[in-house]
Amino acid sequence: MKKEWNFNTRTVHAGEDPCPQTGALRVPIYQSSTFVFDSAEQGGRRFAGEEPGYIYTRLGNPTQTALEEKMANLEGTDSAIALGSGMAAVSSTVMGLLEAGDHIIASKTLYGCTFSLFSELLPKWNIEVSFVEMSDLNNIKAAIKDNTKVIYTETPSNPTMNLVDLAELSDIAGEDIITVVDNTFMSPCLQKPAEFGIDIIIHSATKFIGGHGDTIAGIICGPEDLLNSFRETTVKDFGGIIAPFDTFLLLRGLKTLSVRMERITKNAKKVAEFLSNHPAVDTVYYPGLKDHPQYELGEKQMKGPGGVMAFELKGGIEEGKKLLNSLDLCILAVSLGDVDTLIQHPASMTHYVVPEEDRRSAGITDGLIRLSVGIEDVNDIIDDLEQGLNKIK
Ligand SMILES: *Cc1c(COP(=O)(O)O)cnc(C)c1O
């Protein structure tokens with residue numbers, strides 16, 4: 001693989017070489033839990049780390065190596081680790097970086113399970129957490145203490161698609177604090193946090209990386225020394241590994257990352273324009289719209305606004321339900337980044353059991369709808385939304 005190839009070429013070729021033994025073009029699914037040693041001595045050398053080679057699939061697998069090389073190449077980091085879910089990537093990272101007595105600064109708006117890991121589990125292990133509104137970087141500066149070890153954020157973040165300035169975040173953190181960015185909403189096709197000095201990049205590969213709604217997986221990208229320390233601790237001992245078959249699905253998904261992102265972004269821009277002009281819609285949160293408060297920052301750090309957006313209906317819970325129940329094409333499901341257009345109404349679905357007050361403080365209003373635009377014909381997506389919205393206008 002020539003390093004100087006452009007991104008779109010590397011999504012196809014990076015990390016993959018034809019099999020030297022059989023000539024197979026595709027990376028085989030090495031569906032093997034364990035690997036055979038030539039001799040007792042070789043076994044000893046492998047375990048001691050004196051000789052490269054595979055030992056046992058929880059410690060590494062050749063299919064997984066291909067995916068990790070591809071992802072490190074695409075994110076522009078030394079190294080990558082593939083895991084069995086986005087949450088395995090998040091937890092292996094933070095538990096690998098932090099110990100009792102340390103402090104982490106995290107964005108106020110985080111993926112739900114990341115938020116519960118940080119707010120409920122980390123304090124149990126005596127790790128201090130401060131949640132701050134990160135679109136104002138002064139809040140981060142003000143939260144830094146002597147024991148601050150990590151700053152963790154997502155950009156863009158749900159539900160209002162607020163952005164965090166990655167270059168400034170990395171500046172504020174300096175040499176001593178490790179920065180971690182969940183890049184799930186963008187994929188390396190649209191945003192490369194390492195280019196702005198971010199240390200560790202996390203993906204729920206379930207979303208755009210896999211792209212087809214058929215796999216749960218996670219990726220950590222970052223410097224060799226930090227990632228090796230995770231391999232030797234949280235990855236190996238918590239054991240949240242990825243299966244060889246799922247690894248293959250991600251390798252396959254990544255080949256079309258650029259074409260998917262191109263179509264998805266083009267579709268999403270048109271859908272966002274349509275929604276902004278519909279009388280049943282109050283506000284559209286999408287960084288590709290010129291009236292997004294951080295449009296300029298988006299232009300600076302993202303190659304495109306991506307496929308995820310949220311919008312506020314003029315109506316509330318009943319109108320939200322009516323809209324969702326009227327749709328034919330858009331699929332009522334959580335997750336995002338699939339080839340299919342997915343839609344969900346948090347107040348009646350994911351946050352149905354959350355008390356109204358807590359829902360509001362998380363920015364989940366009654367008429368908020370989340371949409372992840374797919375690769376279908378955009379006219380069909382818009383027609384479907386239009387017939388649904390017309391019923392509640
Ligand atoms: C889905 C998601 C996760 C969790 O990933 P899983 O693959 O579901 O474990 C983490 N962060 C973001 C931003 C997500 O969208």
Side-chain angles (χ1 to χ4, degrees), residues 67 71 75 80-95 104 106-122 131 134 150 152-164 166 179-191 193 198 200-221 234-235 238-243 245-247 249-250 253-254 261 264 268 285 287 302 305-310 333-338 340 342-344 346 349-351 362-364 370-374:
L67 174 64
M71 277 305 301
E75 278 291 4
I81 302 173
L83 287 148
S85 71
M87 286 317 300
V90 175
S91 57
S92 298
T93 299
V94 297
M95 296 312 292
I104 173 172
S107 171
K108 230 177 184 164
T109 44
L110 290 172
Y111 178 73
C113 299
T114 305
F115 184 76
S116 56
L117 170 69
F118 288 11
S119 58
E120 288 163 35
L121 289 176
L122 294 188
F131 292 103
M134 289 200 178
V150 174
Y152 187 104
T153 196
E154 294 172 9
T155 177
S157 70
N158 256 330
T160 50
M161 303 299 284
N162 280 344
L163 310 182
V164 178
L166 293 172
T179 47
V180 183
V181 169
D182 181 331
N183 200 27
T184 300
F185 275 34
M186 289 279 99
S187 90
C189 187
L190 298 181
Q191 177 170 277
I198 297 301
I200 295 179
I201 298 108
I202 288 178
H203 286 279
S204 166
T206 310
K207 317 293 167 55
F208 290 106
I209 302 294
H212 293 72
D214 51 16
T215 324
I216 301 279
I219 312 267
I220 310 168
C221 298
T234 49
V235 169
F238 290 163
I241 62 148
I242 187 166
F245 182 71
D246 290 357
T247 311
L249 289 173
L250 298 188
L254 276 170
M261 293 317 284
I264 283 173
Y285 304 110
M302 292 149 51
V308 186
M309 67 189 73
V334 294
S335 198
L336 57 100
D338 284 1
D340 318 55
L342 305 178
I343 193 163
Q344 85 114 334
M349 293 166 65
T350 45
H351 291 64
I364 311 289
R370 285 185 195 167
L371 181 67
S372 173
V373 176

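All ligand and atom numbering here is 1-based and tracks the order in the structure. No hydrogens, no waters, no symmetry mates; every other heavy atom, side chains included, goes into these values.
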* Aromatic rings F115 and F131: how do their planes relate, parallel, tilted or perpendicular, breaks at 30° and 60°? -> tilted
* Asked: Relative to Y111, does K207 satisfy both conditions: NZ or CZ under 6.0 angstrom from the six-membered ring centre, and within 45 degrees of the ring's axis?
  -> yes
* Taking atom types as modelled, find out whether Q344 and T350 have a side-chain donor-acceptor pair closer than 3.5 angstrom. => yes
Show the atom names and distances, to 0.1 Å, of all donor-acceptor pairs under 3.5 Å that link a side chain in residues 208-221 to residues at least two apart or in another chain.
from, atom 1, to, atom 2, distance (Å)
H212, ND1, G210, O, 2.9

* **Side chain S116, main chain C113, donor-acceptor under 3.5 Å** => yes
* Please confirm whether the backbone N or O of L110 pairs with a side-chain atom of T114, one donor and one acceptor, at under 3.5 Å? => no
Show the distances, to 0.1 Å, for all pairs joining an N/O atom of ligand 1 and a protein N/O atom that are shorter than 3.5 Å, listing one pair per line.
from, atom 1, to, atom 2, distance (Å)
ligand 1, 5 (O), S204, OG, 2.9
ligand 1, 7 (O), G86, N, 2.9
ligand 1, 7 (O), S204, OG, 2.8
ligand 1, 7 (O), T206, OG1, 2.6
ligand 1, 9 (O), G86, N, 3.0
ligand 1, 9 (O), M87, N, 2.9
ligand 1, 11 (N), D182, OD2, 2.7
ligand 1, 15 (O), K207, NZ, 2.7

